[in-house]
Amino acid sequence: MAHILITSGPTREYLDPVRYLTNASSGRMGAALAQAALERGHQVTLVSGPVQITYPPQAQVVRVVTTEEMLQACQELFPRCDGLIGAAAPCDYRTRRVSPEKIQKTGQPLLLELVETPDVVATLGQQKGDRWMVGFALETDDQRFRALTKMEQKSCDLMVLNGPEAMQADTNSVEVLDPGGRTLARLQGTKLHVARGLLRIIQQRLIGPQ
Ligand code: C5P
């Protein structure tokens, strides 16, 4: 039995008390991965941004809002886990300064200065030790090349490549790549079907027989 950490859903970066930047992510892939991991008898901890869906009750769920909070929660939990699946879509930018009051309209363009948020998977990759990590790459162009580059930059042992049609959908179509650039599988169907296929590969290649 492995203890698997799964990041899931979007994060939010507030501009003021009511407005925020975010990513289009429902958390459904994270929920499906949690379900598939639990079916195999693994222990699951989810670190999730704000989502509407419900996660499997047997999974421990840690709720966060911002990317920095997601990173902090994962840094605390990861040392106690055997591996991580990064299925979240953390918001990559935040405003340099969050306005404490609602920004008032002036009739003029509003200029926002955005700075990058930390990359959760890449940061954890620097302290992974003998833990394994699986990343997701949602790309519109140069999909394979970008996925392989991200796998290396983020110290991932496998990368799951999917297209933008996966967002907010119940189904998914993915390619699972190894660090050598080989396609280990093409999985297509409901997110639960894809998650079960991915967990089978993770079990074979990264966790091993129980
Ligand atoms: O957004 P990007 O294509 O770089 O995402 C690739 C992988 O990195 C995904 O597994 C995603 O969960 C993760 N990621 C992250 N923190 C970010 C951006 C992406 O953990 N700030």
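Every number for a ligand or one of its atoms is a count from 1 in the order of the listing. Model, not experiment: these values are computed from the prediction.
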Donor + acceptor pair across side chains of R28, S8 (<3.5 Å): no
So which heavy atom in the protein is nearest atom 16 (N) of ligand 1, and how far is it from that ligand atom? V120 N, 3.0 Å
Is it the case that the side chains of Q188 and H193 hold a donor-acceptor pair, with the cut-off being a distance below 3.5 Å and no angle test? no
Do any heavy atoms of C91 fall under 4.0 Å from ligand 1? no
Need the ligand 1 atom indices (1-based, order shown) with element for anything under 4.0 Å from a heavy-atom of G86. 9 (C), 10 (O), 11 (C), 12 (O)
Would you say CZ of R19 has more than 12 non-hydrogen atoms from neighbouring residues, nucleotides or ligands within 6.0 angstrom? yes
For ligand 1, which atoms, with element, lie under 4.0 Å from some heavy atom of D92? 17 (C), 18 (C), 21 (N)
Nearest to atom 4 (O) of ligand 1, what protein heavy atom do you find, and at what distance? K154 NZ, 2.7 Å
Just let me know how K150 lines up against ligand 1, side chain, backbone, both or neither, with a heavy-atom cut-off below 4.0 Å. side chain
Do L198 and L33 pass the side chain to side chain contact (heavy atoms under 4.5 Å, CB included) test, and can you show the C-alpha distance, the side-chain angles, and the key distance before you say yes or no? CA-CA 8 Å; L198 186 57; L33 288 162; 3.8 Å; yes
Checking D157 against R205 for the salt bridge (Lys or Arg N to Asp or Glu O under 4.0 Å) test, could you report, in this order, the C-alpha distance in whole Å, the side-chain angles of both residues, the deciding distance, and whether it holds? CA-CA 9 Å; D157 302 280; R205 297 184 62 106; over 6 Å; no
Which ligand 1 atoms does V121 reach within 4.0 Å, using its non-hydrogen atoms? 13 (C), 15 (C), 20 (O)
Closest non-hydrogen protein atom to atom 7 (C) of ligand 1, residue and atom name please, with distance? F136 O, 3.0 Å
Under 4.0 Å from one or more heavy atoms of G135, ligand 1 contributes atoms 10 (O)
Between R131 and F78, is NZ or CZ placed under 6.0 angstrom from the six-membered ring centre and within 45° of the ring axis? yes
Is atom CD of E76 surrounded by more than 12 heavy atoms (other residues, nucleotides or ligands) closer than 6.0 Å? no
Note the single closest protein heavy atom to atom 12 (O) of ligand 1, along with its residue, its atom name and the distance in Å. A88 O, 2.6 Å
Closest approach of any protein heavy atom to atom 21 (N) of ligand 1, naming residue and atom: P118 O, 3.1 Å
With distance as the sole criterion, is a donor-acceptor pair present between the side chains of Y93 and T117 under 3.5 Å? no
